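Hydrogens, waters and symmetry mates play no part in the numbers below; they use all other heavy atoms, side chains included. Just so it is clear: chains get the letters A, B, ... in the order the sequence lines come, proteins before strands, and each one is counted from 1. Note that the structure is a prediction, hence the values are computed from the model and not measured.
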Number of protein chains: 2
Amino acid sequence: MRPTLRDVARAAGVSVSTTSRVFREPDRFRPATRERVLAAAAELGYRPNRAAQALITGRTGSVAVLVPNLTNPIFPELVRAAQHRLHAHGSFTLVADTDEDPAQEASLIAMLAPDVDAVITCSSLLDDDQIPDLAAQVRLVFVGRDPGPSHPSVLADDPAGMREVVALLTGLGHRRITYLAGRAASWAARRRLQAFTEAAAGAGVPVDVVDPNHPSFEGGRAAAEGLLRSGTLPTAVVAFNDLIALGLTARLAEAGVAVPGEVSVVGYDDVEFARMASPGLTTLAYPRTALGERAADLVGTAPADDPRRVFPLTLVERGSTGPARAG
Amino acid sequence: MRPTLRDVARAAGVSVSTTSRVFREPDRFRPATRERVLAAAAELGYRPNRAAQALITGRTGSVAVLVPNLTNPIFPELVRAAQHRLHAHGSFTLVADTDEDPAQEASLIAMLAPDVDAVITCSSLLDDDQIPDLAAQVRLVFVGRDPGPSHPSVLADDPAGMREVVALLTGLGHRRITYLAGRAASWAARRRLQAFTEAAAGAGVPVDVVDPNHPSFEGGRAAAEGLLRSGTLPTAVVAFNDLIALGLTARLAEAGVAVPGEVSVVGYDDVEFARMASPGLTTLAYPRTALGERAADLVGTAPADDPRRVFPLTLVERGSTGPARAG
DNA sequence: ATGAAAGCGCTAACAG
DNA sequence: CTGTTAGCGCTTTCAT
């Protein structure tokens, strides 16, 4: 039988309440008592029963992390970082996949609310107006979305990152850029598009926005298909994410279009594959580790301090970008 | 305030115990009572308090899934499948990463044991002799490892899969095959190697085993490097996993060695990248969904029935395999 | 500085 | 079929 607080108390010759408090406020006790209790606990291999603690304190010691799609290689890494940090804070991590469905996201949050201390939701697809209701049920921390100053959130610095991308491309002589967007329903995709558009406008570079049906490798291939068929190949393409960029590159290669010779390609995320592909993909590295860790830290934070943080993206230059071909 | 069983009981005009039992053994009640209770619960939006349930029943309604490395694309998919199934069974899923460290795996299991109903451990690196002790603390389900008939486990059918690979290759005229192994410390890697060796022996094909330092893209590159330097390029290579195979192919391509023209390459897993690479990688698709789901099912199963299951691998033929070059 | 006692929300004998 | 009662292991007033 697993030892309980009572067993420890008995072994240490003190009451249960003393034993309980020794763990919570050790300084309040005379060293002799404290040592005796701690020794007894160690001796017996005592571990508090979380269910009993949760029942009385209302805190469960678990935090849920919601991702739209665990299969997107960015998220496992983010989850991993959050989890390490949460573990350091003494919390367990529940991971759940929302299947990129706002309804499922909302219902998961509502369902988990009573049983977790907080929910970290990544690239949330929630409608703005569902947020207050859900946030009332459980502490919500947003990753990759800014739902306003009253909710804790961590973001990547898309505006700065996109300015770097545009600067790189204009420096290489590109005078017009095609942007392959993500889904319009996604806050993150809209933000990224806007950041890019503004950066380009700031540099005086005209932009063509193309909508791949799906932000995936296949979507990128399809987009390449469209570009190829249109007859007028851009000299530079910036994609919403690496998967799209990689799909585009693959299809271009099949069609005999040289990258970066004829078309330069830039991605976003820096997934492992971006390094492995040839040519390597130039991309904005998404600070997943920092975001995951910081999100975990925000869980325990007082809502008072400004709960929003922005992390820089890192431009990683590889072989997929080069001088613009003669127009 | 969240409604409790008492609130529901009061609203329905029955006792708490009746209320509690209506949820557990509905048939035992006269329809009138049952309906009244259920209606009251629905009306109030009652949800049982898991901590209280856990405190008394000893069952927490959570299951942990341990993976050696969430970053390996096979595992998120497996976790996802397990999680869906677990959710259908009414359980929450805790995911943890062992960092491919047996010590961490063991300590995680011990740490989680009191707070979960079961631990599903994938590609376990545990020593055989640590298993009994841990299995005594919590129900353990193994994925990708067979720790003997007394523990529930799910496996892929490596022997059959490897026979298919060998048959494909010999059919293409290959008369000698190089195998790039995984880590010797891993049960899964040893099993896969043995399955391959036996399949080759069965076909009368000699095998050269090469040990990449790491079962990764880089490891595959390094292996290619070695092969290149040795001066005698094999006509066919089978790798422990897709990442190795892809790294090998990439390095070979850089060196101007045609795949499959000069060397045929076969992987294992069928990660998304295997499809995206060019040429596409011929590989054995790992039945992650089936394994994840079945592992989840095994959690609630009586230990009596034979608790081991084997699932077929599917040979996916893509562009990386072709006729052997003239010897 | 320490102990006694109440009770968190629920389940499970035990009665009836 | 349904109600009464006694806790599960822990934290937290309230005393002392």
Side-chain angles (χ1 to χ4, degrees), chain A residues 1-41 44-62 90-92 111 113-117 137, chain B residues 1-41 44-62 90-92 111 113-117 137:
Chain A
M1 207 44 203
R2 206 164 138 218
T4 74
L5 211 46
R6 258 166 84 146
D7 301 321
V8 178
R10 190 159 23 211
V14 297
S15 72
V16 275
S17 46
T18 297
T19 312
S20 172
R21 274 182 300 226
V22 163
F23 291 111
R24 235 147 299 294
E25 331 158 61
D27 317 324
R28 223 176 95 177
F29 292 82
R30 81 164 53 107
T33 328
R34 196 195 321 154
E35 293 318 324
R36 205 139 33 86
V37 171
L38 261 18
L44 296 177
Y46 170 74
R47 293 256 318 274
N49 179 320
R50 283 189 171 235
Q53 287 184 153
L55 183 54
I56 192 163
T57 62
R59 261 169 292 107
T60 60
S62 302
S91 291
F92 288 151
M111 135 151 299
D115 301 304
V116 298
D117 298 336
Q137 299 179 49
Chain B
M1 206 44 204
R2 205 165 139 216
T4 73
L5 210 48
R6 259 168 85 145
D7 301 322
V8 178
R10 189 158 27 213
V14 297
S15 74
V16 275
S17 50
T18 295
T19 312
S20 172
R21 273 181 301 223
V22 163
F23 291 110
R24 235 149 298 295
E25 328 159 61
D27 318 324
R28 224 177 94 178
F29 292 83
R30 81 164 52 109
T33 329
R34 196 194 324 155
E35 293 318 324
R36 205 138 34 86
V37 170
L38 261 17
L44 295 176
Y46 169 73
R47 291 259 316 274
N49 180 320
R50 284 191 171 235
Q53 288 184 158
L55 182 55
I56 191 163
T57 62
R59 258 168 295 107
T60 61
S62 302
S91 290
F92 288 152
M111 134 151 301
D115 301 305
V116 298
D117 298 335
Q137 300 178 48

Just checking A:Thr4: base, sugar-phosphate only, or nothing, at a heavy-atom cut-off of under 4.0 Å?
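Here A:Thr4 touches the backbone only, sparing every base.
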Assign A:Phe23 to base, sugar-phosphate, or nothing according to its heavy-atom contacts below 4.0 angstrom with the strands shown.
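A:Phe23: no heavy atom of the nucleic acid under 4.0 Å.
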Record whether the side chain of [X] comes under 3.5 Å of the base of [N] through a donor-acceptor pair of N or O atoms.
X: B:Arg21; N: D:dG3; value: yes
X: B:Ser17; N: D:dT4; value: yes
X: B:Arg28; N: D:dT2; value: yes

Start at the 5' end of DNA chain D and walk down; is the nucleotide closest to B:Val16 or to B:Thr33 reached first?
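Upstream on the strand: B:Thr33.
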Donor-acceptor pair, distance only, cut-off 3.5 Å: does the side chain of A:Arg2 make one with the backbone of A:Pro48?
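Yes, the answer is positive, given that a donor and an acceptor are paired below the 3.5 Å cut-off.
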Donor-acceptor under 3.5 Å (A:Thr60 side chain, A:Asp115 main chain)
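Yes; at least one donor-acceptor contact below 3.5 Å.
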Counting heavy atoms not belonging to B:Arg59, are there more than 12 under 6.0 Å from its CZ?
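No, not enclosed.
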Whole angstrom is fine here: how far is it from [atom1] in [X] over to [atom2] in [N]?
X: B:Arg36; N: D:dC1; atom1: CZ; atom2: C1'; answer: 12 Å
X: B:Asn49; N: D:dC8; atom1: CG; atom2: P; answer: 18 Å
X: B:Leu5; N: D:dC8; atom1: CG; atom2: P; answer: 19 Å
X: A:Arg34; N: C:dA1; atom1: CZ; atom2: P; answer: 11 Å
X: A:Glu25; N: D:dT13; atom1: CD; atom2: P; answer: 10 Å
X: A:Leu55; N: C:dC10; atom1: CG; atom2: C1'; answer: 8 Å
X: B:Arg50; N: D:dG9; atom1: CZ; atom2: P; answer: 20 Å
X: A:Arg6; N: D:dC8; atom1: CZ; atom2: P; answer: 7 Å

Could you check which of [options] has an atom nearest any side-chain atom of [X]?
X: B:Ser15; options: C:dA1, D:dG3, D:dG9; value: D:dG3
X: B:Arg24; options: C:dG9, C:dA12, D:dT2; value: C:dA12
X: A:Ser20; options: D:dT12, C:dT11, D:dG9; value: D:dT12

B:Phe29 and B:Arg36, any side-chain heavy atoms less than 4.5 Å apart:
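They are not in contact (no side-chain heavy atoms under 4.5 Å apart), so the answer is no.
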[N] OP1/OP2 closer than 4.0 Å to side-chain N/O of [X]:
X: A:Gln53; N: D:dT11; answer: yes
X: A:Arg30; N: C:dT2; answer: yes
X: B:Thr18; N: D:dG3; answer: yes

Nearest 0.5 Å, what's the OG1-CZ distance between B:Thr57 and B:Arg50?
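If we round to the nearest 0.5 Å, B:Thr57:OG1 and B:Arg50:CZ are 10.5 Å apart.
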